[in-house]
Amino acid sequence: MLNHPLWLILVVVAAIVHGEPVQKHNLTLPEGADTQREAVVNIFVDSYEAYIKYAWGHDDLLPVSESYTDGRNGWGASIADAMSTMWIMGLHDWFNQAVNHTATVDFGKSQTNDTVSLFETTIRYVGGFLSAYELSGYQYDVLVNKAEQAAQKMAYAWVGNNAVPFGYINFTGHEPTIAISNIAEAGTLTLEWNRLSLYTKNDTYRQLAEKSVQHMINMPSPLPSMPGQGIDPATGNTVGSYTWGGGSDSYFEYLIKYPRLTNTDDNSYADAWLTAVDTSIKELLRTSTVGDWLYLADYDENKAIRHVGSHLACFYGGNWILGGKLTNNDTLVNIGLQLTDACWNTYASTTTGIGPEEFAYISSDGNYTGSPGPDEEQLQFYNEHGFYITAPDYILRPEVLESNFYAWRVTGDTKYLDNAASAVKSFQQYLDTTVAYTGINDVDKTQSTKIDDMESFWFAEVLKYLYLTFDDPEHISLDDYVFNTECHPFKAPAAKSVYGSSP
């Protein structure tokens with residue numbers, strides 16, 4: 001255990017969950033926030049205009065009807081991902097154009113033999129369409145119809161009596177790819193498929209998604225309530241390391257978000273989240289020897305602690321802040337804020353002001369990462385910043401800014417607005433091109449080469465989290481909405497007074 005004053009007051013064993021407002025009461029924006037908000041809109045407009053022009057070959061029109069291709073890079077992933085952002089930003093002409101085009105697409109077939117990702121299609125398309133349906137006042141039934149059209153094909157990922165779905169499906173033959181999946185892909189369906197069941201009145205979708213998560217909740221594990229990262233749908237067994245990073249991340253994220261969205265009387269979701277958090281505090285929480293930055297380590301299949309972090313894993317700060325508020329546990333909120341600050345430090349420490357894809361650190365129990373330790377240059381960087389870079393690229397990921405958004409809405413501390421403003425400036429300076437906004441290969445080089453790609457989550461997540469950070473806190477309030485892992489907001493009922501089991 002770490003020798004940290006925080007642990008002297010830590011009490012998280014009890015699973016009773018007392019809901020309370022998430023956002024700080026009477027939170028208001030300081031002068032100048034509107035300028036930053038407008039800058040984010042301008043980045044979105046520049047990015048989306050480039051997308052229309054270069055991805056579709058049109059300056060003002062989307063393409064004629066096409067078939068769906070796959071969940072990530074096929075038919076207009078950026079259109080589906082951008083729709084809720086367009087509505088929130090007030091870009092209604094583009095929103096209406098996207099809805100009209102969606103109506104022409106057949107999501108029940110693919111143009112190619114490429115397989116379709118259950119996870120990506122769920123979070124981007126099903127989540128994007130249903131969130132847009134809600135935000136726009138439930139007036140475009142076609143969005144529900146198209147979400148269901150894709151889900152009807154994806155349901156073939158559940159084979160026989162398997163509780164866990166396979167990760168990829170061939171839409172033409174309804175054939176899943178028989179391969180190992182992971183708990184994030186198989187456990188990040190509940191929000192979207194629950195909403196789909198609600199609007200289609202077909203409860204099968206909810207039941208399939210819940211069946212997968214319930215299997216993972218009830219699995220034995222050396223770390224309580226933390227299944228291994230990989231999972232074999234054929235056997236239901238997990239394999240690999242234990243982590244809050246990629247491959248596991250959004251499974252844990254949804255454990256606390258699902259009961260908040262649904263007000264389910266099934267306490268197992270919130271209980272599992274609390275137990276996973278308690279396990280992580282006891283086993284994974286580490287402080288760097290330089291700067292006292294707080295991180296969550298990985299635990300590999302050899303029962304060794306790996307002192308590694310990633311941009312993907314940096315969602316955990318916001319998730320613990322949200323979960324701490326929902327469970328009326330200020331200790332968890334405070335840990336979440338420390339995790340968020342450590343992840344922001346990965347931005348503040350580079351020459352571009354943008355954080356890397358992967359990093360590592362040294363703690364009192366060593367610097368094991370599963371790979372060779374830091375070289376001389378990395379060690380020098382660590383001694384200055386409390387982490388060192390192991391993968392220097394930035395591919396337009398949102399997680400650091402996601403946690404920063406939660407930190408602002410919960411605390412009202414304007415340092416989080418300053419962080420977001422710094423990110424906007426860095427993006428304008430280092431990611432803008434004559435064509436679009438792109439990732440870069442090295443965040444610690446101001447003259448880094450650029451990556452010839454613009455991910456759809458740039459529209460869905462990065463720019464929405466930034467916009468909402470500078471927007472009226474009562475617009476898309478964290479007390480009224482729950483975000484899916486792609487930052488598509490779903491309307492939530494009034495919070496229950498209690499989530500979880502009584503002790």
Side-chain angles (χ1 to χ4, degrees), residues 1-4 182 184 223 226 228-230 240-249 252 279-320 335-336 338-395 397-404 439-445 448:
M1 287 293 295
L2 298 175
N3 183 19
H4 194 290
N182 60 63
L223 296 183
M226 294 193 68
Q229 180 184 51
S241 61
Y242 303 82
T243 176
W244 283 74
S248 299
D249 43 10
F252 296 114
T279 296
S280 300
I281 290 169
K282 293 174 179 175
E283 305 293 342
L284 304 182
L285 212 55
R286 293 293 185 273
T287 303
S288 63
T289 59
V290 172
D292 290 328
W293 299 108
L294 203 61
Y295 305 107
L296 286 180
D298 285 2
Y299 181 92
D300 70 20
E301 52 267 43
N302 296 317
K303 300 183 179 180
I305 290 292
R306 297 178 63 230
H307 301 81
V308 296
S310 67
H311 204 295
L312 272 172
C314 279
F315 89 97
Y316 51 42
N319 188 245
W320 286 37
I335 297 175
Q338 291 180 71
L339 293 169
T340 298
D341 289 346
C343 284
W344 176 255
N345 181 57
T346 69
Y347 272 56
S349 299
T350 68
T351 58
T352 64
I354 302 171
E357 177 74 357
E358 296 177 0
F359 57 90
Y361 53 91
I362 301 170
S363 190
S364 59
D365 59 339
N367 65 345
Y368 174 70
T369 65
S371 301
D375 60 27
E376 185 175 343
E377 183 178 354
Q378 288 173 318
L379 189 58
Q380 181 179 350
F381 189 96
Y382 173 79
N383 288 333
E384 294 178 13
H385 303 294
F387 75 99
Y388 59 95
I389 298 170
T390 55
D393 52 321
Y394 174 70
I395 64 168
R397 289 206 189 276
E399 292 79 14
V400 174
L401 296 172
E402 172 185 356
S403 291
N404 189 76
I440 53 178
N441 287 304
D442 193 334
V443 296
D444 206 35
K445 292 182 179 178
S448 171

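Every value quoted in this text rests on a predicted model; they were computed, and no experiment measured them. Position 1 is the first residue of the sequence, and the numbers go up from there.
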Residues which pass side-chain contact (heavy atoms from CB on, under 4.5 Å) with Ala297, listed by chain and number, not counting sequence neighbours = Arg286, Ile305, Tyr361
ask   = So, the side chain of Thr350 versus the backbone of Asp444: is there a donor-acceptor pair under 3.5 Å, distance only?
value = no
remark   = Nearest heavy-atom approach of Asn182 to Gly247 is OD1-O, 3.2 Å
message = So, using side-chain hydrogen bond (donor to acceptor under 3.5 Å, both in side chains) as the criterion, who are the partners of Asp298 when residues are at least two apart?
response = Thr243
message = For the CD1 atom of Ile354 and the CG atom of Asp442, what is their distance to the nearest 0.5 Å?
response = 11.0 Å
ask   = What residue among Glu358, Glu357, Glu402 forms salt bridge (charged side-chain N to carboxylate O under 4.0 Å, His left out) with Arg397?
value = Glu357
task = Of all the heavy-atom pairs spanning Ser248 and Ala184, show the shortest one and how long it is.
result = N-CB, 3.7 Å
note = For Cys314, the side-chain contact (heavy atoms from CB on, under 4.5 Å) test, sequence neighbours excluded, returns Cys343, Phe359, Glu399, Val400
ask   = Do the side chains of Ser280 and Met226 get nearer than 4.5 Å, heavy atoms only?
value = yes
task = Can you sort out the partners of Asp341 under side-chain hydrogen bond (donor to acceptor under 3.5 Å, both in side chains), two or more places apart, ordered by chain and number?
result = Lys415, Tyr416
remark   = Scanning both residues in full, the closest heavy-atom pair of Ile281 with Ile335 reads CD1-CD1, 3.8 Å
key: Listed partners of Phe381 passing ring pair (Phe, Tyr, Trp, His ring centres under 6.0 Å), at least two apart   = His385, Phe387
ask   = Does any non-hydrogen side-chain atom of Leu339 lie less than 4.5 Å from one of Leu285?
value = yes
query = Rounded to the nearest 0.5 Å, how far does OG of Ser241 lie from CG of Asn302?
reply = 10.5 Å
query = Would you call Tyr394 and His311 a side-chain contact if the rule is heavy atoms closer than 4.5 Å?
reply = yes
query = Are the side chains of Asp375 and Gln378 in touch, meaning some heavy atoms are under 4.5 Å apart?
reply = yes
Donor-acceptor contact present, side-chain Ser363 to main-chain Thr287, <3.5 Å = yes
query = Do the side-chain N and O atoms of Thr289 and Tyr382 include a donor-acceptor pair separated by under 3.5 angstrom?
reply = yes
query = What pair of heavy atoms forms the shortest contact from Gly318 to Ser403, and how long is it?
reply = N-OG, 2.8 Å
query = Phe252: what forms a ring pair (Phe, Tyr, Trp, His ring centres under 6.0 Å) with it, not counting sequence neighbours?
reply = Trp244
query = Does some side-chain heavy atom of Leu401 sit less than 4.5 Å from a side-chain heavy atom of Trp344?
reply = yes
task = Determine whether Thr352 and Ser448 make a side-chain contact, defined as any pair of heavy atoms from C-beta on separated by less than 4.5 Å.
result = no
task = Count the heavy atoms of every other residue, nucleotide or ligand shown that sit under 6.0 Å from CD of Glu384, and state whether that count exceeds 12.
result = yes
ask   = Heavy-atom distance under 4.5 Å between the side chains of Asp249 and Asn319, does that happen here?
value = no
request  = Measure across Ala342 and Trp293 and return the closest heavy-atom pair with its distance rounded to 0.1 Å.
outcome  = CA-CE3, 3.5 Å
task = Of all the heavy-atom pairs spanning Thr351 and Lys445, show the shortest one and how long it is.
result = OG1-N, 3.4 Å
task = Would you check if Trp320 and Leu296 make a side-chain contact, meaning some heavy-atom pair closer than 4.5 Å?
result = yes
